[in-house]
Structure formats: structure tokens, C-alpha cells
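A short worksheet on the structure shown next.
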Amino acid sequence: MSFKDVNLSFMKKLLFILAISVLVLQGCSKPSESPDASVPTGSARPELASYNYLVELPAHIQQALITVDNSPATNPITNNGATLGRVLFYDKNLSLNRTVSCGSCHKQAAAFDDDVALSKGFANARTTRNSMSLLNIRFYKSGRMFWDERVPTVEKQALQPIQNPLEMGLTLTELESRVKSLTYYPDLFQKAFGSPVIDSVRIAKALAQFERSIVSYQSKYDKVKQGLETFTAAESRGEQIFLTAPNPGPGGGGIACAGCHTPPMFITSTPAGGFAFPLESGINGQNRFKSGSLRNIATRKFLFHAGTIADLNAMFTGPQPVPAHGVPPQDVAAMIAFLNTLTDTAITQDPKYSDPFR
Ligand code: HEC
Ligand code: HEC
């Protein structure tokens, strides 16, 4: 081995060690606020028009809302409150490295759900459960949020993803100073709450108002219930099975779909029964979970809490039967036809729910 060879291999080793240490240092250093990170990077400002978030709902929905609304008297929806909530919902400055907003995992085009089984947080790590659609959360009477209902209200839920080390990664103190540092907020807080004071309680309230305003009421199903359109024969048959036919299968035997997915929003916090999912810790540590609204379900991908069921087709005909979710083969097409009538394409395009930063 010549001197040159030794030297080269020594240099190679040195470079290798250097490269590894750089990687290790980067990997281990806990993502911390660099001085620059506290200064807004993008000069993006939200583009806002004035929208009405207090629409009059059709009678069949309004009647249901009266009995199941989880809005607290201390935080009714106002147009200015929901407008502020919309800005916060889409503001990527609310995540540690300013790359992720609520809207990243709750995409309007995907019915405020994500279009992947497990979502990516600010550092590209995956969430442990499937994202949930935010359609009609106002109709979940108990107000309890998450698949395992671990949070008691929509307001309390709103600050969780921001502090989640994998999703958005801020502390409440960091959140408040971020929002205070952005020039467009004081005016929005002034309009929403009557003074420019910015704190996490107000942030949570505004987010909750925006979320509760996301109500779907313009699907074919709604037009039929208002006497404006009629179901096809298959859709009618599907509705009949949904409302009346007891489901076979372990855990949910004898309960029709509607007992757990109650019309007109296809959601209830008091289901007629529960069903067991093996080896998973859900509500109260038991292996059961909540279900959000089934509206727009036919367009949603990756269903159930783990996101393991690809879509409706896979749910009814796939190799992994879901407990309490069987439909006889001859009725599958009708059931899917009916569930398709729950799709509201107005809400997935309405500019008042869209990202104001683009
Ligand atoms: C990195 C992806 C991600 C981000 C960012 C995110 N969420 Fe979520 N969201 C999820 C996942 C995953 C769940 C289900 C988690 C669980 O149940 O454990 C969820 C659940 C929810 C629920 C519960 C719905 C229900 O019916 O129980 C609400 C409400 C919600 N998110 C609102 C928000 C808000 C508001 C923000 C922004 C402040 C936000 N999310 C940011 C992924 C995300
Ligand atoms: C005993 C109560 C119960 C019955 C009966 C029931 N479901 Fe469900 N359903 C649930 C629960 C709870 C979940 C969420 C479970 C989970 O993710 O672990 C769910 C989830 C779903 C989902 C996926 C929702 C999503 O957001 O990913 C669809 C679709 C669905 N149900 C349709 C139906 C249909 C159609 C029927 C009738 C054939 C039916 N369900 C009967 C309780 C029920």
C-alpha cells in the first residue's frame, strides 16, 4: 500500500465520519426555533372577501340541528369569527417550520379529510390514525372529538394538533407569539372579538366557529328531502336497507346502519350499539371508536380509524370484512348508489371554506 493510498483511504474515512456526524447532529437536534423561524418567512397575506357563514339550512337539517347542536352559548358562530377561523385554519405559520396547516390534513377537496391513510406532519412523520372529515362536526351532540373521543369539545380539540409534536409542533406560548407577529391578525381579532387581544382561547374559539360552519346541505339527498328531486329505484332501495335492514356480523348484529349513522347528517354521538375492532385502544380504552358524518363518504378514500379500508367498494366487497358493516352481495350496488346521493360538491368548492393564502 503506497503512502498515497493510505492517505486517500484516511481522507475517505475522515469524510465519512464527518458526513455521519452531520447527519446524526441534524437527526438528534430537537427541532427548535431558530432565531429566523420567529420571523414570518412568506409575505403571504390572506385574501378575504366577506362571506355568509350563517346560512339558513333546509328544514330537514335545521330540525336535527336543534336537538344535536354542540355549539356552546359562549361561542356562537359569527361571520367575523368564522372568517378569522378560516385564516387560522389555513395558516402554515401555525406549525413549527411553517409548512403545515389544519388544511393540509383536512383538505376541502377531500371533504375536509385527507386523501391518504395516514397524514404527514410538519417534519413528514405520519400520524398514527386516519384523518377525519370535518363535515358536520357540529351535529355530534356530545361534542367529543377524535376517533377515541378523548377530547370533550371542538374548542379544546382545536389546540391539540397545534401542540402535537408530530402534527404542528408548537407550544401554546409559541403559537400566541407567532400569531401576534403576523400583521394581518390584530384587525381580524378586533372584528371577531371586539378587541385586538390575541390568545390561545380566542384562537380555539375562532377555529371552532369556522369548523362548525362546515355543514353540507346541498347533496342530491337534500334535494330529494326537499321534494326538488327524486331517488332512482336503486337509490331508494339503498335508503331502505340503510334505514331498516339489520346488519349481520359480530358486534353489531341486528342494528340498521341508521342506528349508528343517523340521518339527515348520518352522524350520532349516541349510537344504538357498538362494535368491536380487535386489538385497538379506542373510546375509554376499549376497542370501539366514534364515526363522523357519512356525508361525502362515496368520494372519500381510506376509511375507518386506521385508514385500512380503501373505499366503499373495498368495505362491502373487499377481503377484510368490517364487523357490523356487511351488506348482502345483491344489495351492494343499491347501497353504494344511495351513499352516492350524500355527496355535496358545493361544499368542497365553496370559496368561503377555501385557502385564503392562495
Ligand atoms: C398532520 C395532520 C393533521 C393536521 C395538521 C391537523 N389534523 Fe385534525 N386530525 C388529524 C388526524 C390524524 C385526526 C384523527 C386523530 C385521532 O383521532 O387520534 C384528526 C382529527 C381532527 C378532529 C376530530 C374530528 C372528529 O369528528 O372527532 C378535528 C375537529 C380536527 N382534526 C381539527 C383540526 C384542526 C382545527 C387543525 C388545525 C389546528 C387540525 N385538525 C390539524 C390530522 C391532522
Ligand atoms: C353498531 C353501530 C354501527 C352500525 C350498525 C353501522 N356502523 Fe358504520 N361505523 C360505525 C363506527 C363506530 C364507525 C367508525 C369505526 C372505526 O373507524 O373504527 C363506522 C364507520 C363507517 C364508515 C367509514 C367512515 C369513515 O369516516 O371512515 C362507513 C362508510 C360506514 N360506517 C357505513 C356503514 C353502513 C353502510 C352501515 C350499514 C350497512 C353501517 N355503517 C352500520 C358504527 C356503525
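In each ligand, atom 1 is the first atom listed, and ligand 1 is the first ligand listed.
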Check each heavy atom of [X] against ligand 2 and say whether those closer than 4.0 Å belong to the side chain, the backbone, both or neither.
{"X": "Met315", "answer": "side chain"}
{"X": "Ser133", "answer": "neither"}
{"X": "Leu294", "answer": "side chain"}
{"X": "Phe266", "answer": "neither"}

Is [X] touching ligand 1 with its side chain, its backbone, both, or neither, if touching means heavy atoms under 4.0 Å apart?
{"X": "Lys120", "answer": "backbone"}
{"X": "Leu134", "answer": "side chain"}
{"X": "Gln157", "answer": "side chain"}
{"X": "Leu159", "answer": "neither"}
{"X": "Ser95", "answer": "neither"}

Sub-3.5 Å N/O-N/O distance, Arg129 and ligand 1: no
Phe146 N/O under 3.5 Å from ligand 1 N/O: yes
Relative to the heavy atoms of [X], which atoms of ligand 1 are at a distance of less than 4.0 Å?
{"X": "Arg150", "value": "16 (C), 17 (O), 18 (O)"}
{"X": "Ser119", "value": "2 (C)"}
{"X": "Ile162", "value": "38 (C)"}
{"X": "Glu211", "value": "29 (C), 32 (C), 35 (C)"}
{"X": "Val100", "value": "5 (C)"}
{"X": "Ser101", "value": "5 (C)"}
{"X": "Ala158", "value": "38 (C)"}

Charged N-O contact under 4.0 Å between Arg129 and Asp148: yes
Pair Glu239 + Lys225, salt bridge at N-O below 4.0 Å: yes
Looking at every non-hydrogen atom in both residues, tell me the closest pair between [X] and [Y] and how far apart they are.
{"X": "Ile309", "Y": "Ala314", "value": "CG2-C, 4.1 Å"}
{"X": "Ser213", "Y": "Tyr53", "value": "OG-CD2, 3.5 Å"}
{"X": "Thr99", "Y": "Phe122", "value": "OG1-O, 3.5 Å"}
{"X": "Asp222", "Y": "Ser216", "value": "OD2-O, 4.2 Å"}

For [atom], which candidate among [options] holds the nearest heavy atom?
{"atom": "atom 14 (C) of ligand 2", "options": "Lys290, His305, Arg300", "value": "Lys290"}
{"atom": "atom 13 (C) of ligand 1", "options": "Asn130, Thr127, Leu118", "value": "Asn130"}
{"atom": "atom 40 (N) of ligand 2", "options": "His325, Lys301, Arg288, Met335", "value": "His325"}
{"atom": "atom 42 (C) of ligand 1", "options": "Cys105, Ser104, Cys102", "value": "Cys105"}
{"atom": "atom 37 (C) of ligand 2", "options": "Ala256, Gly238, Ser131, Cys257", "value": "Cys257"}
{"atom": "atom 7 (N) of ligand 1", "options": "His106, Arg126, Lys92", "value": "His106"}

Could you list the atoms of ligand 2 found under 4.0 angstrom from a heavy atom of [X]?
{"X": "Phe316", "value": "35 (C)"}
{"X": "Gly273", "value": "1 (C), 2 (C)"}
{"X": "Leu312", "value": "29 (C)"}
{"X": "Val327", "value": "38 (C)"}

Relative to the ring of [Y], is the ring of [X] parallel (under 30°), tilted (30 to 60°) or perpendicular (over 60°)?
{"X": "Phe189", "Y": "Tyr185", "value": "perpendicular"}
{"X": "Phe304", "Y": "His325", "value": "perpendicular"}
{"X": "Phe89", "Y": "His106", "value": "tilted"}
{"X": "Tyr221", "Y": "Phe231", "value": "tilted"}

Crowding at NZ, Lys92 (>12 non-hydrogen neighbours, <6.0 Å): no
CD (Glu47) with more than 12 external heavy atoms under 6.0 Å: no
Looking just at side-chain N and O atoms, do [X] and [Y] make a donor-acceptor pair shorter than 3.5 Å?
{"X": "Arg86", "Y": "Ser354", "answer": "yes"}
{"X": "Asn136", "Y": "Ser293", "answer": "yes"}
{"X": "Asn93", "Y": "Asp91", "answer": "yes"}

Cys105 side chain near Met168 side chain, heavy-atom distance below 4.5 Å: no
Heavy-atom side-chain contact between Val154 and Tyr140 under 4.5 Å: no
Min heavy-atom dist Gly292 to ligand 1 below 4.0 Å: no
Shared hydrophobic cluster for Leu207 and Tyr51 (ILVMFWY, side-chain gaps under 4.5 Å): yes
Verdict with reasoning, Arg212 to Glu155, per salt bridge (Lys or Arg N to Asp or Glu O under 4.0 Å): CA-CA 10 Å; Arg212 285 201 187 91; Glu155 280 77 2; 2.9 Å; yes
Short N or O distance, Ile297 and ligand 2, threshold 3.5 Å exclusive: no
Min N/O separation His261 to ligand 2 under 3.5 Å: yes
Closest protein heavy atom (residue, atom, distance) for atom 17 (O) of ligand 1: Trp147 N, 2.9 Å
Top protein contact for atom 39 (C) of ligand 1, by heavy-atom distance: Pro161 CG, 3.3 Å
